[in-house]
**Student:** 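The following block contains the structure, expressed as structure tokens.
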Amino acid sequence: MAILNEILSFNEKFVANKEYEKYETTKYPEKKLVVISCMDTRLTELLPQAMNVKNGDVKIIKTAGAIIAHPFGSVMRSILVAIYALKATEVCVIGHHDCGMSAMDPDDFMVKMKDKGITEETLNTIKYSGMDLNHWLRGFNKVEDAVESSVNLVKNHPLLPESVPVHGLVIDPETGKLDVVIDGYKNNE
């Protein structure tokens, strides 16, 4: 059975049995926190448990490596929406050890793209349109540096209120241990 069919079959029973009722909440995060986290599958349930958050407590934005790549991209827009429209008052960027983005090689990535049918012509069109794929696809060497970079991008954004603390953490995907890279309260004093 295809994945989509499995999902829809399960969903039909989920709705019929009213299993959604235990997840009912509002669109406003109870803990007034927006979390930017990596899309790593190990964090799907581990991160909320390690942070003691349940459905409705926080807004979670998932992106590869918990990297905020552009100050006016969709991740930053989502953070601002969480603050201005959904009553979040703090931001937390959470990277993790053993991340797939660590030391990612753009050249190897583009070879994989070609193996999946992306042509050299397409890559050249992107290149000559002004997009630096090597920069855009590069990873990081040290997760703490990547977290600090994303925190600095958010904290120094011209549309972010100065009163919003921006924290940076790293989680161990095996144990759930959280380490503080940047304490946004100390940077807000």
**Student:** Just to verify, what does K32 make a side chain to side chain donor-acceptor pair (under 3.5 Å) with, not counting sequence neighbours?
**Tutor:**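 Per chain and number, K32 pairs via side chain to side chain donor-acceptor pair (under 3.5 Å) with no residue.
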
**Student:** Is there a path of hydrophobic side-chain contacts, each under 4.5 Å between heavy atoms of I/L/V/M/F/W/Y residues, joining I68 to V170?
**Tutor:**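 In one cluster with V170: I68, yes.
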
**Student:** Taking the basic N atoms (NZ, or NE/NH1/NH2) and the acidic carboxylate oxygens, is any pair closer than 4.0 Å for D98 and R42?
**Tutor:**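 Looking at R42 together with D98, the answer is yes, because their closest N to O distance falls below 4.0 Å.
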
**Student:** Check for me, please, whether I83 and L159 land in the same ILVMFWY cluster - side-chain distances under 4.5 Å, paths through other members count.
**Tutor:**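 Looking at the clustering, L159 is in the same group as I83.
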
**Student:** Can I94 be reached from L160 by stepping across I, L, V, M, F, W or Y side chains whose heavy atoms are under 4.5 Å apart?
**Tutor:**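 No, no single cluster joins them.
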
**Student:** Test T122 against T119 for side-chain hydrogen bond (donor to acceptor under 3.5 Å, both in side chains), laying out the working first.
**Tutor:** CA-CA 5 Å; T122 298; T119 65; 2.9 Å; yes

**Student:** Does a side-chain heavy-atom distance below 4.5 Å link I171 with L43?
**Tutor:**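 Of all side-chain heavy-atom pairs linking L43 with I171, at least one is under 4.5 Å.
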
**Student:** Is it true that K54 and D57 make a salt bridge, defined as a side-chain N closer than 4.0 Å to a carboxylate O?
**Tutor:**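 Yes, charged N to carboxylate O under 4.0 Å.
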
**Student:** Can V166 be reached from V35 by stepping across I, L, V, M, F, W or Y side chains whose heavy atoms are under 4.5 Å apart?
**Tutor:**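 They do not share one cluster, since no chain of ILVMFWY contacts under 4.5 Å joins V35 to V166.
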
**Student:** Do the side chains of V58 and Y28 join up, straight or via other hydrophobic residues, at under 4.5 Å, putting them in one cluster?
**Tutor:**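 Looking at the clustering, Y28 is in a separate group from V58.
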
**Student:** Examine distances only and state if a side-chain atom of H167 and a backbone atom of G184 form a donor-acceptor pair shorter than 3.5 Å.
**Tutor:**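 Judged by distance alone, yes, a pair lies under 3.5 Å.
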
**Student:** If you link ILVMFWY side chains whenever their heavy atoms are less than 4.5 Å apart, which other residues fall into the same cluster as L8? By chain and number, please.
**Tutor:**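 Members alongside L8: L4.
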
